[in-house]
Protein chains: 2
Amino acid sequence: MKEQPWWYGRLKDSGARLTEPREIVLEILRSAREHLTATDIYIQAHRMKPSIGLTTVYRTLELLIKLGIVQKFELGEGKARFELVDKPGGEGHHHLVCLKCRKIIDYSDITNDEKEFLSRVEDRLKRKYDFKILDHLMWFYGVCRECRGS
Amino acid sequence: MKEQPWWYGRLKDSGARLTEPREIVLEILRSAREHLTATDIYIQAHRMKPSIGLTTVYRTLELLIKLGIVQKFELGEGKARFELVDKPGGEGHHHLVCLKCRKIIDYSDITNDEKEFLSRVEDRLKRKYDFKILDHLMWFYGVCRECRGS
DNA sequence: TAAAGTATTGGAAATGATTTTCATTATCAG
DNA sequence: CTGATAATGAAAATCATTTCCAATACTTTA
Ligand SMILES: [Mn+2]
Ligand SMILES: [Mn+2]
Ligand SMILES: [Zn+2]
Ligand SMILES: [Zn+2]
């Protein structure tokens with residue numbers, strides 16, 4: 001039997017069907033090394049199966065977000081970007097954004113130190129604000145080497 | 001002589017004039033207790049001075065962002081929200097977002113622990129990715145008490 | 001001070017991402 | 001198979017943001 005990706009069960013449990021357009025969108029996200037926009041995904045999907053519509057891409061992304069399989073974020077570009085959520089129980093990852101060229105670096109080598117720190121903060125917030133914390137996002141903004149010159 | 005707000009010098013140094021529309025936008029941001037959209041700001045500004053145009057609000061926000069006086073963020077609502085940056089040298093603040101009702105809580109009681117931790121991480125990123133880090137944003141997502149019921 | 005140059009403004013139109021509508025097609029339970 | 005439901009795609013509608021352009025306000029120069 002073949003190894004199923006981590007999100008497979010989640011999709012099935014939700015009652016949604018794993019249709020071809022959905023498979024294609026997921027495959028595009030899986031193999032992406034950048035953070036794609038809906039249109040990026042549409043263009044690639046369209047190459048694999050020209051009948052796919054942009055609307056379906058949006059709808060698929062919406063579904064996957066609701067299921068916690070895809071994460072959406074906006075960086076002030078006027079359009080959203082999407083990426084597959086890290087496998088649950090894994091490390092998670094954060095982001096470094098260059099304010100000049102808008103390059104985004106995924107930063108996944110989280111130290112134990114950091115993991116411990118984050119859970120401590122989450123604990124504190126939970127107590128203080130009575131919030132059930134499910135996730136966090138950390139973004140660091142700066143200027144990359146190229147954009148600072150030599 | 002009157003106490004100037006911390007951003008006053010920054011605006012002046014940039015060569016930009018502190019015009020009435022700009023003063024109004026800044027005053028609205030200063031007295032806001034939520035994170036406003038451009039239209040929110042426009043509606044309030046329009047009340048104080050009906051001649052102000054939405055375009056000017058956008059342009060003013062753009063200027064203030066460039067000067068580091070205002071921070072913009074998007075939360076997947078399809079529109080941006082803005083807030084005045086914390087006074088430099090101050091504590092900074094983070095955010096708690098309820099995924100159900102979209103309520104946002106400003107969380108500013110940062111511990112020394114957290115400050116120290118963040119500067120350590122920034123240091124590490126600087127070395128590892130050769131990035132000059134200027135700022136960071138930490139968002140925690142969860143569900144507020146009201147949205148969990150009883 | 002008057003003229004000229006530059007910065008700022010506001011309204012209208014354009015843009016572009018996302019959502020909605022609606023008719024068609026694929027899939028599933030009985 | 002038959003009827004019910006889920007999923008799809010194209011076109012139209014929305015809506016935040018940007019662009020254009022002509023009018024004003026302010027500053028500098030002569
Ligand atoms: Mn990422
Ligand atoms: Mn805030
Ligand atoms: Zn860069
Ligand atoms: Zn809530």
Side-chain angles (χ1 to χ4, degrees), chain A residues 10-29 34-67 69-83 102, chain B residues 10-29 34-67 69-83 102:
Chain A
R10 239 185 238 197
L11 192 61
K12 277 310 172 75
D13 291 351
S14 79
R17 297 184 206 142
L18 185 48
T19 59
E20 200 184 355
R22 288 174 182 170
E23 272 190 301
I24 288 176
V25 168
L26 278 161
E27 174 54 23
I28 289 168
L29 286 169
E34 335 158 65
H35 304 81
L36 304 175
T37 65
T39 305
D40 292 339
I41 295 169
Y42 168 68
I43 289 169
Q44 288 192 44
H46 190 267
R47 255 187 242 125
M48 300 188 217
K49 188 166 191 284
S51 74
I52 285 181
L54 178 56
T55 310
T56 297
V57 171
Y58 274 106
R59 268 190 301 234
T60 302
L61 290 169
E62 187 187 14
L63 170 71
L64 297 175
I65 288 166
K66 197 168 56 195
L67 297 179
I69 294 171
V70 162
Q71 175 133 44
K72 168 182 181 179
F73 31 68
E74 295 176 53
L75 295 174
E77 302 169 291
K79 54 194 160 185
R81 291 186 176 269
F82 304 85
E83 82 179 347
R102 293 272 159 197
Chain B
R10 236 185 241 196
L11 192 62
K12 277 310 171 72
D13 290 352
S14 79
R17 297 181 208 145
L18 185 48
T19 60
E20 199 184 355
R22 287 173 183 170
E23 272 190 299
I24 289 177
V25 168
L26 278 162
E27 174 54 22
I28 290 169
L29 287 169
E34 335 159 65
H35 303 82
L36 305 174
T37 65
T39 305
D40 292 339
I41 295 169
Y42 168 69
I43 289 170
Q44 290 193 43
H46 190 266
R47 256 187 242 128
M48 300 189 218
K49 186 167 194 284
S51 73
I52 284 180
L54 178 57
T55 310
T56 297
V57 171
Y58 274 107
R59 268 188 304 231
T60 300
L61 290 169
E62 186 188 15
L63 170 70
L64 296 175
I65 289 166
K66 199 169 55 196
L67 297 178
I69 295 171
V70 162
Q71 177 134 42
K72 169 183 182 179
F73 32 68
E74 294 176 55
L75 295 175
E77 302 169 289
K79 53 192 161 188
R81 292 186 175 266
F82 304 85
E83 82 178 349
R102 291 275 161 198

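Throughout, a chain's letter reflects where its sequence line sits, starting with A, and its residues are numbered from 1.
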(request) Quick one: pull up CZ in B:Phe82 and CG in B:Leu29 and give me the separation to the nearest 0.5 Å. (result) 9.0 Å

(message) Return the CD to CD1 distance between B:Glu23 and B:Ile28, rounded to the nearest 0.5 Å.
(response) 12.0 Å

(request) Strictly below 4.0 Å, heavy-atom distances to any atom of DNA chain D: list the hits from residues 50-62 of chain B, or just say none. (result) B:Leu54, B:Thr55, B:Tyr58, B:Arg59

(request) Kindly state which residues belonging to residues 70-82 of chain A come within less than 4.0 angstrom of DNA chain C, counting heavy atoms of the residue only, listed by number. (result) A:Gly78, A:Lys79, A:Ala80

(request) Go through residues 14-24 of chain B and report each residue with a non-hydrogen atom lying under 4.0 Å from DNA chain D, sorted by number. (result) B:Arg17

(request) Show the numbers, then the answer: is there a side-chain contact (heavy atoms from CB on, under 4.5 Å) between A:Leu18 and A:Leu26? (result) CA-CA 10 Å; A:Leu18 185 48; A:Leu26 278 161; 4.2 Å; yes

(message) Any non-hydrogen side-chain atom of B:Thr19 less than 4.5 Å from a side-chain atom of B:Arg22?
(response) yes

(request) May I have the distance from A:Ile43 (atom CD1) to C:dG16 (atom P), rounded to whole angstrom? (result) 14 Å

(request) Let me know the distance between CG of B:Leu63 and P of D:dT17, rounded to the nearest Å. (result) 17 Å

(request) Compute the bend angle of the helix from C:dT1-D:dA30 to C:dG30-D:dC1 from the end axes (five pairs per end), rounded to 10°. (result) 30°

(request) Kindly say whether B:Gly76 contributes a backbone atom to a donor-acceptor pair with the side chain of A:Glu74 at under 3.5 angstrom? (result) yes

(message) Measure CG/B:Asp40 against P/D:dC15 and give the value in whole Å, please.
(response) 15 Å

(message) Side chains of A:Asp13 and A:Leu67, heavy atoms from C-beta outward: is any pair under 4.5 Å?
(response) no

(request) Among A:Glu83, A:Gln71, A:Arg81, find the residue that satisfies the side-chain hydrogen bond (donor to acceptor under 3.5 Å, both in side chains) test when tested with A:His35. (result) A:Glu83

Throw together a table of side-chain donor-acceptor distances under 3.5 angstrom for residues 52-66 of chain A, partners on residues two or more places apart or in other chains.
{"unit_1": "A:Thr60", "atom_1": "OG1", "unit_2": "A:Thr56", "atom_2": "O", "d": "2.7"}

(message) From NZ of A:Lys49 over to C1' of C:dA26, roughly how many Å is that when rounded to an integer?
(response) 11 Å

(request) Please report, rounded to the nearest Å, how far the C1' atom of D:dT17 is from the CD1 atom of B:Ile65. (result) 12 Å

(request) Sorted by first residue and then second, give each side-chain hydrogen bond (donor to acceptor under 3.5 Å, both in side chains) pair with at least one member in residues 37-49 of chain B; sequence neighbours left out. (result) B:Thr37-B:Asp40, B:Lys49-B:Ser51

